[in-house]
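One structure is given below, encoded as structure tokens.
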Amino acid sequence: MAKESYDHKNIDEKWQARWREDNTYRTESDAGKEKAYVLDMFPYPSGEGLHVGHPKGYIATDVYSRHQRMQGKSVLHPMGWDAFGLPAENYALKNKVHPRLAVEKNIATFKEQLQKIGFDYDWSREINTTDPEYYHWTQWIFLKLYEHGLAFRSEEPINWCPSCMTGLANEDLDQGRCERCDTPVVKKQLPQWVLKITDYADRLLADLEHLPKWPEHIKESQRNWIGRSEGVELDFTISFKKNPADNDWRDADGKPAHFTIFTTRPDTLFGVTYVVIAPEHPWLMQALRESHDVLENGSEIRNYLDATAAKSEIERTAEGKEKTGVKLEGISVVNPINGEEIPVYVADYVLGNYGTGAVMAVPGHDERDFAFATKFGLEVKQVIAPPFKQTVEPGIFRENEPVFVNDGIICIIKHWSEDTYLALKWKKVAWGTLLTGVVDEGLSAEETVTKEIREETGYLNPKIVRKLGAVDGLFYHVPKQVNKHVHGHIFYVELENADREGIADEENEKHDIVWLTSEELKDFLTPDTHKYALDVFTHGYQPYLGEGSLMDSGAFTGRESNEAMADLAALAGGRSVTNYRLRDWVFSRQRYWGEPIPMLYCDACGVVPVPYENLPVRLPEVEHYEPTGTGESPLAAITDWVNTTCPNCKGPAKRETNTMPQWAGSSWYYLRFMDPHNDNALVSPEDEKYWSPVDVYVGGAEHATRHLIYARFWHKFLYDIKVATTIEPFTELHSVGLVIAEDGRKMSKRFGNVINPDDVVERFGADAFRVYEMFMGPFENTIAWNTSSLVGARRFLDRIYTFRNKIVPEEIAELSRSLHKTIQKVSDDIPAFRFNTAISAMMILLNDMEAAGKMGNDQWKAFLRLLAPFAPHLCEELWQLAGGTGSIHLATWPEANPALLVEDTVVIGVQVAGKRRGEITISPSASEEEAVQAALLDPGVAKALGGAKPGQIVYREGRILNLIP
RNA sequence: GCUGGGAUGGCGUAAUGGUAGCCGCGCCUGCCUUAGGAGCAGGUCCCUUCGGGGGUGGAGGUUCGAGUCCUCUUCCCAGCACCA
């Protein structure tokens, strides 16, 4: 019998109209009911319209919210438009329409597209960030931020996009380029409004711990973005050469002139060989201006600063990381840990706006300092020996405290005429080593090298060429039966000639001397410490970044670097500080299409906020809204808008002409949905209390470090001023996986591979589209669109539609277990966002239903309710045909009967020695004896046992039986 | 480089430490037909001497038993990256 194909057009339209007429999805806050606030990241209505990827998240929240509603909760599932900002304005400019008209048109298109998919949005709560009724409150929040000192004027150089002709926040950059148009940004000095998000850095970071239902990768992105690092600030006193009187100068605290540096590694203080300050360092500005000029190479430095300023951010950071800089002649600084006098450089690898703008350079243990030191021929001092552990027997280190030896030696000894090196091949153990030793009392390391070479090899004329640093070995000394912890100082030695004397027999018994090329040596050497020594010899020293035990560090030598860190810092006069990578939020845009910043400039009173009662400051209607490119906003040209009166002195004042960034309106919109038409407040305390926080929030992962940080920041501020009552706005977050095109590329007009949801809905129906998108795979996965798989979803719905003719009044017992398992599965999976497995479970149930050939009406109605969140139109139709009361979407969610979830019998696998050899069908509560008895009857099991008796039996009720002979 | 996530048939994927590959797509065989993006039935990891044997990126380990837990490693995706 051919299956029927249901008339999706008719059914979709019929029910969408009915739900609208009946206000089926009307949201009311009902104190008597539990609430569920389910939110999508509201869209930016671009001119391109939707593609099939956009609704995926909306379908998920729709399924989720419908499930919540059927569980009797009061559900808030709203939709609105984030319509201010650059994309809309650039689109308008390109198409020569006013942004307001472009936005209106785009919103109409988006809304129509969304409505065809049959979402349960309550459209009476629709909001639009460009509506003065809405941005009234965006401006209100700005005034509150200003009142609390969190919005301030700044003249610091900011990121400027020469193409969009506006300043940008750090978050608007991608690898030094404008995130919107990919143009490299430049630094530009402009008066700006800046929000002090850094005041909230600590809480933004710490409170991530209170968000267990956020995906780890989003939280990790935020942690990276905030970039907290704990360290110390240290003062390096300056000593002046030109005019010694400068050394007597004291500041207000009685301190001589100094550079304050920030470091996270005070443990490497003994390895500091110079200090570097950023080109923007304020001391430099002053020093170059001073009349007596403390620097001897002022003009050279000025040239360097000019060259740096001319570079774009990309040039400065992406120039293959080639280091540049200039030495400050005429001054030096003193290392506070040991009084050593070291030079000072200015170099642009040090950032002016992080930490103190000055660093202590430790080339031995920092890659950037190492690169700089190598290029400028500065000293590289190793103060941590890279540690290697060599366990002969596991666990041995835990039992014995190791004996520390600070002055071990490791010798790489070159042959007098050949390109080979001396190694020792041990006789009693399978070892290959270099020559080693320990410095004797009263001898220098160099004398010890000579002595050890003579004693162990007999060679008389070694010449120590150079020291190669040191390595730290922790090992078990077999002959002495003790753990040893040895700093091995590596020496490179060349033998002058073959002159040699005899050596003691005991040395001869230990090992043979072999001569190997460095290549052969690599494989020959057993200890990792010796391999490291060889590596340093062949490739040179590389900065060691890890922890380890300190060397050449005065009294600290031999202590573990992480353990000694605090003591070193204290001794050098360090002050603990925490720094953040996060920068304050540059909040001004020199563009038309945004919320006007509600501030005034009065000649008499200075900066004056617009009084609250004068909000909203409306964006004026204009004919020309093109950006000026001068750093002035287009609004500056509208004189009758700009010129106004000062609310304080009633004198003339000018309006701020910059507008807010795109992210302003979206930083608090979730609060407005709770009470969207309130003229007196952003949100009423009652509605805020009832609906807060957002229970489930769904959107793209690309917002991890932009919208989601900004919104958390504003929310915490609103919490502080008691507008919000929760510390976090979004309890649970899901990031929706992308839908890419069938060709594996991003869906884009450019590639001509865009699938339009309207077409899909037209041809296959809204329900097939919805079921397919939820069935594609795990919600967060990026998955390629596949039209033939979509046909599979449609087939599933057609089979259900056909099955309506198989419904009988009486319950079909053989289906009840299957049905109740499915109820359980779907009920668990929807809240967990495992939509794919929920649908899979319903497909399995349908297979069972078709095998049974009929189903009871009540069972059928339960099945329809399970599917209703996914396929609302078809299920509503079938629900009515089955005699359901009211809308299926207001019906009660079915409950699984636990009694029916337990099987009478189960088929479990039987293993013999861990390999599956057969299966038995028994009661899930069968005893071990019964199970074994049944298993022995299985021919496969009997054969595998070969008559042997099982010695060990592992039996897990209802799961597995494992017989081990 | 650092951090987070991942790797299972031809494809998307599924498996509280317990029979690997459920469900769907595709494909193969046959049937039916008003020839469709249709329907129905069966099949579809690899090898096999038909007894079995092997198999979840790779190598070890823990366990009666590992796709799942641990160690190392390769590759892929994402965030950050001259932030001291």
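Residue numbers start from 1 in every chain, and the chains themselves are labelled A, B, ... in the order their sequence lines are given, proteins ahead of strands.
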inquiry  = As a quick check of understanding, evaluate salt bridge (Lys or Arg N to Asp or Glu O under 4.0 Å) for A:Arg228 and A:Asp202, giving each step before the final call.
reply    = CA-CA 8 Å; A:Arg228 178 190 162 98; A:Asp202 241 344; 2.7 Å; yes
ask   = How would you label the glycosidic angle of B:G51: syn (within 90° of 0) or anti?
value =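 Syn, angle within 90° of zero.
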(Q) Using O4'-C1'-N9-C4 for purines and O4'-C1'-N1-C2 for pyrimidines, with syn meaning within 90° of 0, is B:G9 syn or anti? (A)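 Chi for B:G9 falls in the syn range.
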In whole Å, what separates the [atom1] atom of [N] from that of [M]?
N     : M     : atom1 : answer
B:U68 : B:G61 : C1'   : 15 Å
B:C76 : B:C69 : C1'   : 23 Å
B:G17 : B:G67 : C1'   : 11 Å
B:C46 : B:C31 : C1'   : 31 Å
B:U19 : B:G55 : C1'   : 15 Å

Can you find a donor-acceptor pair, distance only, under 3.5 Å between A:Asn224 side chain and B:C80 base?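 Such a pair does not exist between side chain and base.
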| message | What I want to check is whether an N or O donor and acceptor connect the side chain of A:Glu220 with the base of B:G5 at under 3.5 Å. | response |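 Side chain to base: no pair present.
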Point to revise | Selection residues 830-846 of chain A - residue pairs positive for salt bridge (charged side-chain N to carboxylate O under 4.0 Å, His left out), sequence neighbours left out | key: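 Salt bridge (charged side-chain N to carboxylate O under 4.0 Å, His left out) check on residues 830-846 of chain A returns A:Asp829-A:Arg834.
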Practice problem: Name the residue closer to the 5' end of RNA chain B, choosing between A:Leu961 and A:Tyr349 according to the nucleotide with the nearest heavy atom. | Solution: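 On the 5' side of the pair lies A:Leu961.
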Judged by each residue's nearest nucleotide on RNA chain B, which is more toward the 5′ side, A:Ser229 or A:Ile844?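 Nearest nucleotide further toward 5': that of A:Ile844.
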Presence of A:Arg581 side-chain N/O under 4.0 Å of B:A81 phosphate oxygens OP1/OP2:
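Answer yes for this pair, as a side-chain N or O of A:Arg581 is under 4.0 Å from OP1 or OP2.
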Within the pair A:Arg956 and B:G65, is there a side-chain N or O less than 4.0 Å away from OP1 or OP2?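 False: A:Arg956 side-chain N/O out of range (4.0 Å or more) of B:G65 OP1/OP2.
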_A:Val954, nearest nucleotide to its side chain (from B:C64, B:C80, B:A84)_ =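 Of the candidates, B:C64 comes closest.
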> Looking only at side chains, do A:Ser229 and A:Asn579 share a donor and an acceptor under 3.5 Å apart?
Replying inline: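 No, A:Asn579 and A:Ser229 have no side-chain donor paired with an acceptor closer than 3.5 Å.
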I'd like to check the side chain to side chain contact (heavy atoms under 4.5 Å, CB included) partners of A:Ala852; sequence neighbours left out, ordered by chain and number.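 Result, side chain to side chain contact (heavy atoms under 4.5 Å, CB included) vs A:Ala852: A:Glu814, A:Leu815.
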*Please name all residues satisfying side chain to side chain contact (heavy atoms under 4.5 Å, CB included) with A:Met565, sequence neighbours left out, ordered by chain then number.*
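Residues passing side chain to side chain contact (heavy atoms under 4.5 Å, CB included) with A:Met565: A:Pro266, A:Asp267.
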Listed in order of residue number, which residues of residues 821-842 of chain A have a non-hydrogen atom at under 4.0 Å from RNA chain B?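 RNA chain B contact set from residues 821-842 of chain A: A:Asn836, A:Thr837, A:Ser840.
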- Query: In chain order, what residues pass the salt bridge (Lys or Arg N to Asp or Glu O under 4.0 Å) check against A:Arg583, with sequence neighbours excluded?
  - Reply: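 Scan of A:Arg583 (salt bridge (Lys or Arg N to Asp or Glu O under 4.0 Å), adjacent residues dropped) gives none.
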- Sequence neighbours excluded, which residues qualify as ring-ring contact (aromatic ring centres under 6.0 Å, His included) partners of A:Tyr274?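 Partners of A:Tyr274 by the ring-ring contact (aromatic ring centres under 6.0 Å, His included) criterion, ordered by chain and then number, come out as A:Tyr345, A:Phe372.
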